[in-house]
K.L.:
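Handing you a structure now.
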Amino acid sequence: MEIYSAKAKSYSEQLNKINKKYNSVSFLRLISILLFLGSLYFYMKGNETIFLILAAFLFMGFIFLMQFHSKLLFKRKIKEALVKINEDEIAFLDKNSIPFENGIEFNDFHHPYAYDLDIFGEYSLFQSLNRTATFIGKKTMAKQLLVLSASEDILDNQVAVKELSAKLEWRLEFLALAKITNDTKSSYEALLKWSRYNSASLPKWSIFISYASPCLFVLLFLSYLFSSSLILVNCLSYLFVFNLIVLGTLLKRIKIEIANSTNIDKVIGNYGLLLSKIEEENFESSKLIFLQQKLKFKTANASIHLKQLSALFSKNDTIANFVTAVLFNGTFLFNLNVLKGLIEWKKEHASALEEWLEVIGEFEMLNSLANFSYNNPAFVFPTLNADFKIDFSNLGHPLLNANTRVDNDVSFHPESFMILTGSNMSGKSTFLRSLGVNMVLSGMGSVVCASAATVHPLPILVSMRLSDSLSDSESYFFAEVKRLKQIMDQLELNPAFVLLDEILRGTNSDDKRNGTIEVVKKMIGKKAIGAIATHDIEVCLTTDEYPNVLTNKCFEVEIHNDELNFDYKLRDGICKNKSATFLMKKMGVI
């Protein structure tokens, strides 16, 4: 955390210096325009050339100051973002808050584990990992948390995350650029919709006029300057009106092309800055080099092409200003030429645009995992195998406080399925979620909360947290049976890692016990690996029938000085101690 404190202080000092320059330039800009107007006034009053020359220099100075002012504004936004990024990390590591988006919009109650393992929402895995700032970044991050990558991709991600973890400065600057992008789901989708819209070529006559008419206008205007002929003035007037009529016939086409594109030029320009940041960095891992190479398109990098597109959309915004639109289109058919440029750009580059944006998303996702690794140096990258071996040493839940978290060793071989017992509050559910969350992290190429890990990447199937679905007229029991059916159907296709927590709670004891035993038998028959938590001791006797597959583990509770004591340590065997009766007596319930 010290590194973030040092950087926050350093960036704050840099920001203060920029703010001083920014305010000084703002003042000088105001003075220059006032002096410019004053010089024009004295020139018009006295017709002295010195004031006209002074006005010209002041105007050029004003233009220079405006450009410098814009550069300072950009630098100020970056430094503000960098200060905020480091302050957010400090607040997060201090456990004061989680100042990151929680991705609740990506939650899927029908997903095999998203809801049960708290992947999205407040205090979720997504919120803790998330260091994305663009919509495509969040979308990529969410998708990566919900799918199992191939082993080759997991290994590639691990190497990429290791490399990015060491590039702290680069990651912070990349995130700062992403934050000032200020894109939204709507702007992202509007851009993709525009790129996919099949723009027909302009009529040949309009293309000819787009070249010929501006040239003719310039020729007539220059001729008038030399001859002062009124006939040429009439010709210029007719040509001005003719150009506006031509533009009017294509106005609908222009509006369709730029529909929903307000401020999209700024978003595209900032996308270009992010791509430029990627293009200019030297990477060593194959995954990052592969992503970087995707940005080479024909004779230039993607950032150059996006800069061109941003400029075209920016120019086309003039159609919204009536006076400017009439002046520029009446003379040079400005918006017709911009429309022509947009259509040509789309034909040349549209096929690659979505891929470029996906590269941004991939880098934001990998940066998030790199940040997670950097902030947790004790976490490890799991070793992968194809032998269905899953082992964790000192496994813990990555979202729990490291100072109070209790870690456990767990192995799923030679016995592949665990029957877990323990009283309420003893740690069973937290342990199951620790297993699930770390398997999710393993499947995306991240570090895991363990001191050592060996994992065979498997699909994850969970039934831990279900609720009555009133909108679907579904009882809790029926919702649970549907989830178990979903799990069984998936096991028919592939082996999977399964976590079940106290299933069949909506039926009587005998029915629940018999159903649970049959579920366990069927799952191990389908080569499932995982664990089931239960309060029913008789379910544990199933291990006698399958000693090479099933194992009993438990969390115990002890009573010391008339108080319950939970140590949250995983033990061999079946739970012996009970806490429910003791707790109810202590609280006066019974």
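For this chain, numbers begin at 1 and follow the sequence in order. Fair warning: this is a prediction, and the values are worked out from it, not measured in the lab.
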K.L.:
Go through it in stages, so that I can follow the logic: the residues are Phe313 and Trp345, the test is ring-ring contact (aromatic ring centres under 6.0 Å, His included), and I'd like the CA-CA distance, side-chain angles, deciding distance and then a yes or no.
P.N.:
CA-CA 11 Å; Phe313 270 110; Trp345 192 99; 8.6 Å; no
K.L.:
Would you please name every residue forming a salt bridge (charged side-chain N to carboxylate O under 4.0 Å, His left out) with Lys204, sequence neighbours left out?
P.N.:
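Counting only residues at least two positions away or on another chain, Lys204 forms no salt bridge (charged side-chain N to carboxylate O under 4.0 Å, His left out).
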K.L.:
With distance as the sole test, does Ser210 use its side chain to make a donor-acceptor pair with the main-chain N or O of Ile207 at under 3.5 Å?
P.N.:
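Yes, the answer is positive, given that a donor and an acceptor are paired below the 3.5 Å cut-off.
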K.L.:
Hey, could you give me each pair passing ring pair (Phe, Tyr, Trp, His ring centres under 6.0 Å) that has a residue in residues 62-83? Not counting sequence neighbours.
P.N.:
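As it turns out, the ring pair (Phe, Tyr, Trp, His ring centres under 6.0 Å) pairs with a partner in residues 62-83, which skip direct neighbours, are Tyr22-His69.
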K.L.:
Are Phe379 and Phe372 close enough that their ring centers fall under 6.0 Å?
P.N.:
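Ring centres of Phe372 and Phe379 closer than 6.0 Å.
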K.L.:
Please walk me through it: do Lys79 and Asn19 pass side chain to side chain contact (heavy atoms under 4.5 Å, CB included)?
P.N.:
CA-CA 10 Å; Lys79 297 302 179 186; Asn19 280 332; over 6 Å; no
K.L.:
Is it true that, when you exclude Lys294 itself, more than 12 heavy atoms of the residues, nucleotides or ligands shown sit nearer than 6.0 Å to its NZ?
P.N.:
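For Lys294, atom NZ is crowded (more than 12 foreign heavy atoms under 6.0 Å).
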K.L.:
To check you understand the geometry: which heavy-atom pair defines the closest contact between Ile487 and Ser463, and what is its length?
P.N.:
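Closest approach of Ile487 to Ser463, heavy atoms only: CD1-CB, 4.2 Å.
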K.L.:
Can you name the closest pair of heavy atoms from Asn438 and Pro398 and give their distance?
P.N.:
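Minimum heavy-atom separation between Asn438 and Pro398: ND2-CD, 4.0 Å.
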K.L.:
Report yes or no: do Asn301 and Ser303 form a side-chain donor-acceptor pair below 3.5 Å?
P.N.:
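No.
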K.L.:
Less than 4.5 Å apart, any side-chain heavy atom of Phe283 and any of Ile278?
P.N.:
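A side-chain contact under 4.5 Å exists here.
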K.L.:
Less than 4.5 Å apart, side chain to side chain, heavy atoms only: is that true for Leu129 and Leu441?
P.N.:
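Side-chain contact under 4.5 Å: yes.
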K.L.:
For the atom pair CZ (Arg253) and CG (Leu336), what is the distance rounded to the nearest 0.5 Å?
P.N.:
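Interatomic distance, Arg253 CZ to Leu336 CG, rounded to 0.5 Å: 10.5 Å.
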K.L.:
Can you tell me how far the CD1 atom of Ile78 sits from the CG atom of Leu177, to the nearest 0.5 Å?
P.N.:
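One finds 4.0 Å between CD1 of Ile78 and CG of Leu177.
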K.L.:
Could you list the residues that satisfy salt bridge (charged side-chain N to carboxylate O under 4.0 Å, His left out) with Lys277, not counting sequence neighbours?
P.N.:
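Counting only residues at least two positions away or on another chain, Lys277 forms a salt bridge (charged side-chain N to carboxylate O under 4.0 Å, His left out) with Glu173.
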K.L.:
Taking atom types as modelled, find out whether Glu364 and Ser368 have a side-chain donor-acceptor pair closer than 3.5 angstrom.
P.N.:
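Looking only at side-chain atoms, Ser368 and Glu364 do not form any donor-acceptor pair under 3.5 Å.
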K.L.:
Any chance you could lay out the side chain to side chain contact (heavy atoms under 4.5 Å, CB included) test for Asn337 and Leu333, step after step, and finish with the verdict?
P.N.:
CA-CA 6 Å; Asn337 282 285; Leu333 284 172; 4.2 Å; yes
K.L.:
Just to verify, what does Leu220 make a side chain to side chain contact (heavy atoms under 4.5 Å, CB included) with, not counting sequence neighbours?
P.N.:
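Scan of Leu220 (side chain to side chain contact (heavy atoms under 4.5 Å, CB included), adjacent residues dropped) gives Leu216, Leu232, Cys235, Leu236, Leu239.
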K.L.:
Would you say the side-chain atoms of Ser10 pair up with the backbone N or O of Ala6, donor to acceptor, closer than 3.5 Å?
P.N.:
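Not a single qualifying donor-acceptor pair exists.
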K.L.:
Tell me, with the steps shown, if His111 and Tyr113 meet ring-ring contact (aromatic ring centres under 6.0 Å, His included).
P.N.:
CA-CA 6 Å; His111 188 269; Tyr113 60 79; 4.5 Å; yes
K.L.:
Show the nearest heavy-atom pair for residues Lys315 and Asn335, with the distance to one decimal.
P.N.:
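Closest approach of Lys315 to Asn335: O-ND2, 4.2 Å.
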K.L.:
Is Arg433 paired with Asp116 through a side-chain N to carboxylate O contact shorter than 4.0 Å?
P.N.:
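Between Arg433 and Asp116 there is no salt bridge, as every charged N stays at least 4.0 Å from the carboxylate O atoms.
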K.L.:
Taking the side chain as every heavy atom from C-beta outward, state whether Asn329 and Asn243 have any pair of such atoms under 4.5 Å apart.
P.N.:
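A side-chain contact is absent here, since even the closest heavy-atom pair is not under 4.5 Å.
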K.L.:
Testing the basics here: between Leu175 and Ala133, what is the closest heavy-atom pair and its distance to 0.1 Å?
P.N.:
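Closest approach of Leu175 to Ala133, heavy atoms only: CD1-CB, 4.1 Å.
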K.L.:
Using side-chain heavy atoms (C-beta onward) and a distance below 4.5 Å, is Lys347 in contact with Ser201?
P.N.:
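Lys347 reaches Ser201 side chain to side chain.
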K.L.:
Not counting sequence neighbours, list each pair that qualifies as a salt bridge (Lys or Arg N to Asp or Glu O under 4.0 Å) and has a residue in residues 132-149.
P.N.:
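Salt bridge (Lys or Arg N to Asp or Glu O under 4.0 Å) check on residues 132-149 returns Glu101-Lys138.
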K.L.:
My understanding is that only residues two or more places apart in sequence, or in another chain, count here; which of them pass side chain to side chain contact (heavy atoms under 4.5 Å, CB included) with Lys77?
P.N.:
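Side chain to side chain contact (heavy atoms under 4.5 Å, CB included) check on Lys77 returns Leu73, Ile180.
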K.L.:
Who are the side chain to side chain contact (heavy atoms under 4.5 Å, CB included) partners of Asn371, not counting sequence neighbours?
P.N.:
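Checked Asn371 against side chain to side chain contact (heavy atoms under 4.5 Å, CB included); matches are Tyr4, Glu89, Arg131, Arg171, Asn375.
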K.L.:
Please check if any side-chain donor atom of Asp265 sits under 3.5 Å from a side-chain acceptor atom of Ser310, or the reverse.
P.N.:
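Distance-only check fails for Asp265 and Ser310.
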K.L.:
Using every non-hydrogen atom in the two residues, find where Trp205 and Val246 come nearest and quote the distance to one decimal.
P.N.:
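Distance-wise, the nearest heavy atoms are CZ3-CG1, 4.1 Å.
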K.L.:
Less than 4.5 Å apart, side chain to side chain, heavy atoms only: is that true for Ile390 and Asn385?
P.N.:
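No, too far: nothing below the 4.5 Å cut-off.
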K.L.:
When rounded to the nearest 0.5 angstrom, what is the spacing between CG in Leu458 and CG in Leu148?
P.N.:
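Between atom CG of Leu458 and atom CG of Leu148 there are 7.5 Å.
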K.L.:
Could you pull out all residues at least two apart from Lys346 that satisfy salt bridge (charged side-chain N to carboxylate O under 4.0 Å, His left out)?
P.N.:
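With neighbours one apart ignored, the set is Glu257.
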K.L.:
Distance from Ile136 atom CD1 to Thr140 atom OG1, nearest 0.5 Å?
P.N.:
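Atom-to-atom, Ile136:CD1 and Thr140:OG1 are 4.0 Å apart.
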K.L.:
Should the heavy atoms of other residues, nucleotides or ligands under 6.0 Å from CZ of Phe221 be counted, would the total exceed 12?
P.N.:
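Counting neighbours around CZ of Phe221, 12 or fewer heavy atoms of other residues, nucleotides or ligands fall under 6.0 Å, so no.
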K.L.:
Side chain to side chain contact (heavy atoms under 4.5 Å, CB included) with Glu348: which residues, sequence neighbours excluded?
P.N.:
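By the side chain to side chain contact (heavy atoms under 4.5 Å, CB included) rule, Glu348 matches Lys298.
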K.L.:
Taking only residues at least two apart or on different chains, which pairs with a member in residues 143-167 satisfy ring pair (Phe, Tyr, Trp, His ring centres under 6.0 Å)?
P.N.:
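Sorted result for residues 143-167: empty, none.
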K.L.:
In Å and rounded to the nearest 0.5 Å, what is the NZ to CG distance from Lys20 to Leu15?
P.N.:
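If I round to the nearest 0.5 Å, the distance is 11.5 Å.
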K.L.:
For the pair Asn376 (side chain) and Ala378 (backbone), establish whether a donor and an acceptor sit closer than 3.5 Å, ignoring hydrogens and angles.
P.N.:
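It does not hold such a pair.
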K.L.:
Please identify which of these residues, Tyr123, Phe126, Phe92, meets the ring pair (Phe, Tyr, Trp, His ring centres under 6.0 Å) condition with Phe100.
P.N.:
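Running ring pair (Phe, Tyr, Trp, His ring centres under 6.0 Å) over Tyr123, Phe126, Phe92 with Phe100 returns exactly one hit, Phe92.
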K.L.:
Considering only heavy atoms from C-beta outward, does the side chain of Asn107 approach that of Ile119 to under 4.5 Å?
P.N.:
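SC-SC contact between Asn107 and Ile119 ruled out.
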K.L.:
Quick check: are there more than 12 heavy atoms from other residues, nucleotides or ligands sitting under 6.0 Å from CG of Asn96?
P.N.:
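Result for CG/Asn96: enclosed.
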K.L.:
Ion pair present between Glu169 and Lys7, side-chain N to carboxylate O less than 4.0 angstrom?
P.N.:
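Answer for the salt bridge query: yes.
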K.L.:
List the residues meeting salt bridge (charged side-chain N to carboxylate O under 4.0 Å, His left out) with Glu355, not counting sequence neighbours, and say none if there are none.
P.N.:
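Partners of Glu355 under the salt bridge (charged side-chain N to carboxylate O under 4.0 Å, His left out) test: none.
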K.L.:
Is the NZ or CZ atom of Lys266 positioned over Tyr271's six-membered ring, under 6.0 angstrom from the centre and within 45° of the axis?
P.N.:
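No, a cation-pi geometry is absent between Lys266 and Tyr271.
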K.L.:
Measure the spacing between CD of Glu362 and CZ of Phe290 and express it to the nearest 0.5 Å.
P.N.:
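Answer for the CD-CZ pair, Glu362 versus Phe290, is 9.5 Å.
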K.L.:
Counting only heavy atoms from other residues, nucleotides and ligands, does the tally under 6.0 Å from CZ of Phe59 exceed 12?
P.N.:
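Check fails, neighbour count at 12 or below.
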K.L.:
Enumerate the residue pairs fulfilling salt bridge (Lys or Arg N to Asp or Glu O under 4.0 Å) with a member in residues 369-378, sequence neighbours excluded, ordered by first and then second residue.
P.N.:
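For residues 369-378, and leaving out neighbouring residues, there are no salt bridge (Lys or Arg N to Asp or Glu O under 4.0 Å) pairs at all.
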K.L.:
Taking the side chain as C-beta and beyond, is there a heavy-atom pair between Leu384 and His456 under 4.5 Å?
P.N.:
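The answer is no; the side chains never approach within 4.5 Å.
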K.L.:
If you look at every heavy atom in Gln158 and Pro382, which pair is closest and at what distance?
P.N.:
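Minimum heavy-atom contact is NE2-O, 3.2 Å.
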K.L.:
Do any N or O atoms from the side chain of Ser187 and from the backbone of Thr184 form a donor-acceptor pair under 3.5 angstrom?
P.N.:
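Yes; at least one donor-acceptor contact below 3.5 Å.
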K.L.:
Looking at side-chain heavy atoms only, is the closest gap between Ile3 and Tyr374 below 4.5 Å?
P.N.:
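With C-beta onward as the side chain, the pair touches.
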